[in-house]
Visitor: 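Please read through the structure below; I'll follow up with questions.
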Amino acid sequence: MLDRAVVDALFPSDLPEPSFWEEQYPPRGLGADAKVTRLGPSPTGFLHIGGLYVGMIDRDLASHSGGSYIVRVEDTDQAREVEGAVDQFNRAFAYFGIEPDEADSVGSYGPYHQSQREQIYLTYVRELLRSGAAYLCFATKEELADITARQQATKLPTGYYGRWAIWRDKTAEDVQAALDEGRPYVVRFRSPGKAGERTRFVDAIRGELEHEANRNDVVILKASDQSPRLPTYHFAHAVDDHLMRVNLVIRGEEWISSVPTHLQLFDALGFERVEYAHIAPLMKQQGGSRRKLSKRKDPEASVEFFIEAGFPAEAVQYYLRGLVNARLADLPLAEALSSPISLAECGVAGPLVDLVKLEDIAADYVATLSGDEIISRISKWAATYDPALVTVLADSRDEALAALQVERGPEVANPRKDLRKWSDFRTAYGFFFPSLFELVSDRTDERLGGLSPDLISAFAADFADGYADLEDGQEWFGQIRELAGKHGFAPNPKEFKKNPDAYPGSIKEAAQLIRVSLTGSTRSPDLHAVARTLGKDEVLRRVRALVG
Ligand code: GLU
């Protein structure tokens with residue numbers, strides 16, 4: 001063990017003692033059941049949907065128990081930091097309504113960026129060095145690579161343990177000599193784990209778990225020639241969750257195997273252990289098998305995907321809550337959003353993220369909103385993602401309301417569910433706005449179904465010449481029926497099928513011609529309602545574009 005003076009000389013002379021931090025961050029004095037939770041996103045990339053999922057659980061458990069929910073930016077890997085990541089986290093939390101109670105400048109247990117907590121970590125590293133629970137390791141990259149290679153060759157577990165831990169038992173003289181040479185070092189934890197030992201712990205989701213005890217002397221403080229001197233994840237987890245007075249750590253299941261190490265660290269530091277809940281990862285169905293959602297392969301793995309597309313936050317939250325606790329998926333949306341999440345009801349198998357299901361939920365949700373509400377939500381979204389649309393909606397608010405009214409509203413038994421996300425608006429309703437609509441004038445356009453250009457032109461000309469903006473749907477449609485007959489279309493699809501060579505198509509194809517001309521699409525809301533909403537002049541302008 002090193003002399004205290006030698007240890008202390010490695011640190012700034014004014015580095016506070018642990019009691020200083022303990023007093024600065026006192027126990028919170030909350031109710032016995034209050035949960036203090038935290039999300040620890042690393043700004044090495046944008047927020048993953050799994051991060052949002054866990055954050056939502058964190059927020060829910062904290063708020064329903066009278067606790068607090070913290071977002072702590074785990075930025076100890078500064079080389080891999082992605083610019084703008086923290087802004088993206090904040091935008092994502094705001095969009096989905098899961099803002100933390102404590103983060104950045106809000107809250108008394110910060111700083112909430114690990115890179116700003118160097119002094120705190122150093123205090124506790126020094127403490128472990130003073131007691132001999134940690135030691136300096138000067139092993140070079142080459143030495144470590146050699147150790148790993150030899151372990152692999154003899155099929156031993158890789159790591160820095162037992163006889164492989166070459167600096168664990170070095171004499172104070174050897175350490176001093178290395179220090180005198182100015183060699184860089186890391187600080188390692190002296191694991192108390194023994195071969196064959198098992199660690200038992202209780203997970204709030206999975207119940208009692210048992211794992212091989214940790215024997216690895218994990219690094220707790222990274223290389224001494226770096227500045228700032230930052231800890232590894234394991235050490236920061238113990239120190240931060242203790243001093244932030246977190247009592248429930250909810251995180252991905254990939255950390256289960258680290259629990260034995262973490263418990264050793266909490267014990268060595270004299271910290272009370274925290275409760276753990278390890279969440280199963282979100283999965284994706286691919287062919288016949290399931291795999292974890294992958295940031296690299298799946299666009300929907302990024303929270304940005306949902307924001308950019310403009311999925312209503314409520315629908316996404318509702319959907320995700322149903323994945324956490326299946327029971328919540330059976331409740332109506334408002335109830336599901338306010339009903340508490342239960343860790344005991346979380347599954348241990350990763351739930352499937354099914355975008356089709358989410359879109360259905362979103363469509364049902366949007367169908368409950370008023371036209372005004374839809375326009376205001378779209379405008380807000382479009383301010384970032386489709387600025388041209390904001391102008392159109394502002395300039396043509398009445399048209400937008402009229403368009404949204406088509407086959408919608410409380411008196412409609414089966415309201416249209418063609419808006420799942422705000423970006424659908426252009427496709428589903430853009431044609432209602434002359435400024436967004438592109439006239440269909442190319443008579444060979446494949447949307448027109450391959451009818452002969454001459455026939456299209458003649459049909460369109462006749463339709464425009466005799467067009468009446470009739471209120472009655474049957475009568476209005478009668479105009480198409482009459483012209484279809486005149487231009488040789490079969491009176492119904494059955495007739496046409498029986499004798500396809502005798503007709504250019506049936507009444508269906510004739511109506512489709514008008515549909516494509518008015519909406520630019522082969523599928524649309526009720527044609528008569530569309531024509532009425534557009535008004536006679538606009539109908540004529542569009543149909544005449546086909547005359548040529
Ligand atoms: N920074 C860690 C990660 O992004 C957080 C893990 C945890 O929640 O403890 O995986």
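All ligand and atom numbering here is 1-based and tracks the order in the structure.
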Visitor: Can you check whether Glu254 has an N/O within less than 3.5 Å of an N/O in ligand 1?
Guide: no

Visitor: Would you mind checking if Lys35 and Glu275 are paired as a salt bridge, meaning a charged N to carboxylate O distance below 4.0 Å?
Guide: yes

Visitor: Report the nearest protein non-hydrogen atom to atom 9 (O) of ligand 1: residue, atom name, distance rounded to 0.1 Å.
Guide: Tyr233 OH, 2.4 Å

Visitor: Which label fits His242 and Phe271: parallel for a plane angle under 30°, tilted from 30 to 60°, or perpendicular past 60°?
Guide: parallel

Visitor: To the nearest 0.1 Å, how far is atom 3 (C) of ligand 1 from its closest protein heavy atom, and which atom is that?
Guide: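 Atom 3 (C) of ligand 1 sits closest to the protein heavy atom Gly40 O, 3.9 Å.
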
Visitor: Taking only heavy atoms of Trp255, which atoms of ligand 1 are found under 4.0 Å from at least one of them?
Guide: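 Checking each atom against Trp255, I get 6 (C), 10 (O).
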
Visitor: Would Arg251 count as being in polar contact with ligand 1, using the rule that some N or O on each side must be under 3.5 angstrom apart?
Guide: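 Not met; the criterion fails.
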
Visitor: Using a strict cut-off of less than 4.0 Å between a Lys/Arg side-chain nitrogen and an Asp/Glu carboxylate oxygen, indicate whether Asp364 and Lys417 qualify as a salt bridge.
Guide: yes

Visitor: Salt-bridged, Arg215 to Glu197, with N to O below 4.0 Å?
Guide: no

Visitor: Does Tyr365 offer a backbone N or O that forms a donor-acceptor pair with the side chain of Thr368 under 3.5 Å?
Guide: yes

Visitor: Is there a polar contact, in the sense of an N or O pair closer than 3.5 Å, between Val249 and ligand 1?
Guide: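 No, Val249 has no N/O under 3.5 Å of an N/O on ligand 1.
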
Visitor: How far apart are the closest heavy atoms of Ala139 and Leu144, and which atoms are they?
Guide: CB-CD2, 3.9 Å

Visitor: Pull out every atom of ligand 1 sitting under 4.0 Å from any heavy atom of Glu74, numbered as shown with elements.
Guide: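 By the 4.0 Å cutoff, the relevant atoms are 1 (N), 2 (C), 5 (C).
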
Visitor: For Arg38, is the nearest heavy atom under 4.0 Å from an atom of ligand 1?
Guide: yes

